[in-house]
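Note that this is a predicted model, so its numbers are computed, not measured. Protein chains get the first letters and strands the later ones, always in sequence-line order, with residue 1 at the start of each.
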Amino acid sequence: MNVEPTNRSDNAGADEAAVRRAITSSPRPAPAGRVSAAITFGWRGMLKVKHVPEQLMDVTITPVMFVLMFTYLFGGAVAGSTAEYLDYILPGILVMSVVFTTVYSGVALNTDVTKGVGDRFRSLPIWRPAPLVGALIGDSLRYFLAGFVILVLGLALGFRPDNGIVGMAAALGLVVVFSFALSWVFTTLGLLLRTPAAVLNAGFLGIFPLTFVSNVFVDPSTLPDWLQSFVKVNPISILAGVSRGLMHGGVDRNDVYIVLAVAVGLTAVFAPLTTRLYRRG
Amino acid sequence: MNSSPAIEASGLFKSFGETKAVNGVDLVVQSGSVYGILGPNGAGKTTLIRILATLLRPDAGEARVLGHNILTDPDAVRAGISLTGQFASVDEDLTGRENLILIGRLLGMGRPAVKARAAELLDAFGLSDAGNRLVKTYSGGMRRRLDIAASVVVTPDLMFLDEPTTGLDPRSRNQVWEIIRALVDGGATILLCTQYLQEADELADGIAVVDHGRVIAEGTPAQLKASVGAGALSVRLFDAVDRSEAAGLLEKLVGAVTLEADPASLSVACSDAHRAASAIAGLARSGIGVADFSLGQPSLDEVFLALTGHPAEDAEPVEGGVR
């Protein structure tokens, strides 16, 4: 008599003899080294992009909307024509979309730590920062994809920069490097705050003013002086300027150095901080 | 395998602010045994496990796990342990198979070996059909089974299981118990935290009862139950009129009777099933209608009442707090 319908996958249970066999049959290998452990965690990050593509969608839809809205609504008014405005705004939007994505590195780390899986990782005989480094390697791929989507959108809308594909690739590369460095700020935040939602809110509270009070959308020469002086030193402005220079020509070498110096500085401060907080648990 | 204890801890202390989560714990767990830590929520069980698994530094005290000092040689400790946390320690955004491959790769297994191992474990743990589904679609019981499978991808010398059946339905609980028994038969050493006396009784060779961060009693399950005063046979009669006659009969057959608030119910201290059966048979022979009866093990509450004089209270779950 069939008492209850059985969904095999839910009710199969375990095979005791097989469990006994399984735990006696495995020799213990040497644990993965630093590089190999970090790469394994990078693989995990990429699997997440595959399984949860919404994460990538979330962060690319906003910039895509901005490109379309700003170009066609304000383009004529701000820059004289939509085509000219697209030339101006696209390199900046590239910066914005990738920088937005970095907040999610902190959210993902917070999710790991607040759920049980973080405890398991920390109880493994592996290099302790491996989950962090690996996650950021995986995240860099997400940054690259987010930027790539914006560039493809630009090309579809008629964006044709003077330096062509090479300039676009160089700008994308620099933006990803900067974002890798910036993401350590959000991983620190991810370890200090209690919930993923708190990290998301705090992250965007910081990143929104930084991206809007910059030269991403408008030429700062029309702004009041006090605001201009902030916009000029805002690293997001400098990165957006370099990104424009690399695509359209006329890049300021000093600005490239500044961007790289800021990236090194952020990493030097926040990578050890994240690692310490992570070790402390 | 050496014969030294798997865990030797003395004087462990850990407090979070005002709360003394672990308040002077000494513990010895022999290799090849299952040791149960029994206590209510907030008793300090999870904090104790996190200290022994090198996730948390104790404020004071010392411990050797698998012969290695947890403070000075945590890497050597981690090389031999595995941890199944209180909330399933698996990645919900990956499939079951990917979770096992991830752990296997991190533990240094080669690509082909880890694939075969993942398939073998999914099969053994009854998850082969669900292996390629994301873990977030799993039921609680499946998650737990995967969690334990992840802990044995490379067979550990010591397993920490933190409340492996809390929140599971009875059927899933039995499945997890079967797995733990199979691990024990295979020679695993396990430190098991639980809120259920029955679970500790079923699985553990020795039990420490913890309350407010202290070990308040220690012994084999039999010793512990004996010290608590065994279980009770509870009987509910069809007719309350029969109660005094039933009480007299039970007193003669078993021992001191307690009359319950329900006028048709009474109970008698009794841990022997045969004796309970003959007592019920005796009632039937005398023509006393029995509506319902049960022979219960002492509950955690009764253990606590007997050991501490107060019932197990749920403290704020500050233990193992994530900052």
- CZ/F148(A): more than 12 non-hydrogen atoms of other groups inside 6.0 Å: no
- Item | H51(A) side chain near K136(B) side chain, heavy-atom distance below 4.5 Å | no
- Task: Can you tell which part of N174(B) gets under 4.5 Å to a heavy atom of chain A, answering side chain, backbone, both or neither?
- Result: neither
- Query: Of the listed residues (P31(A), A18(A), A37(A), A130(A)), which shares the most heavy-atom pairs with chain B below a 4.5 Å separation?
  - Reply: P31(A)
- ring-ring contact (aromatic ring centres under 6.0 Å, His included) involving F41(A) - partner list, sequence neighbours excluded: F121(A)
- Closest heavy-atom pair and its distance - R120(A), L83(B): NH1-O, 3.3 Å
- Message: Just so I know, are the side chains of S123(A) and L55(B) near enough to count as touching, which here means a heavy-atom distance under 4.5 Å?
- Response: yes
- salt bridge (Lys or Arg N to Asp or Glu O under 4.0 Å) filter on K115(B), not counting sequence neighbours, yields none
- Query: When only pairs under 4.5 Å are counted, which of I148(B), T54(B), L183(B) shares the most heavy-atom pairs with chain A?
  - Reply: L183(B)
- Query: Given that the side chain runs from C-beta out, which part of I179(B) has a heavy atom under 4.5 Å from chain A: side chain, backbone, both or neither?
  - Reply: both
- Can you tell me how far the CZ atom of R44(A) sits from the CD1 atom of I101(B), to the nearest 0.5 Å? 14.5 Å
- Gap between atom CG of D119(A) and atom CG of D162(B) - 0.5 Å precision: 9.0 Å
- Task: Can you check whether anything in residues 68-79 of chain B gets within less than 4.5 Å of chain A, heavy-atom wise, and list it by number?
- Result: D75(B), R78(B), A79(B)
- Max heavy-atom pairs within cutoff under 4.5 Å with chain A, candidates G85(B), S151(B), G131(B), goes to S151(B)
- Shortest non-hydrogen pair, G108(B) vs P29(A), comes out as O-CB, 3.7 Å
- Message: Please rank R57(B), E98(B), E178(B) by heavy-atom pairs under 4.5 Å with chain A and give me the top one.
- Response: E98(B)
- Item | Greatest number of heavy atom pairs closer than 4.5 Å to chain B - which of L47(A), T111(A), D112(A), I126(A) | L47(A)
- By a 4.5 Å heavy-atom criterion (distance strictly below it), what part of S172(B) contacts chain A: side chain, backbone, both, or neither? neither
- May I ask you to name which of V176(B), D93(B), N99(B), T95(B) has the most heavy-atom pairs under 4.5 Å with chain A? D93(B)
- Query: What part of L121(B) lies closer than 4.5 angstrom to a heavy atom of chain A: side chain, backbone, both or neither?
  - Reply: side chain
- Message: Applying a heavy-atom distance below 4.5 Å, give me the residues of residues 99-110 of chain A that approach chain B, sorted by number.
- Response: none
- Task: Answer with side chain, backbone, both or neither: which region of A150(B) has an atom nearer than 4.5 Å to a non-hydrogen atom of chain A?
- Result: both
- Looking at D91(B) and K48(A), does any basic side-chain N land under 4.0 Å from a carboxylate oxygen? yes
- Quick one: are V90(B) and V117(A) in side-chain contact, heavy atoms under 4.5 Å? no
- Expected output: side-chain R28(A) to main-chain V154(B) donor-acceptor under 3.5 Å: no
- Message: Please classify the contact of A30(A) with chain B as side chain, backbone, both or neither, using a heavy-atom distance under 4.5 Å.
- Response: backbone
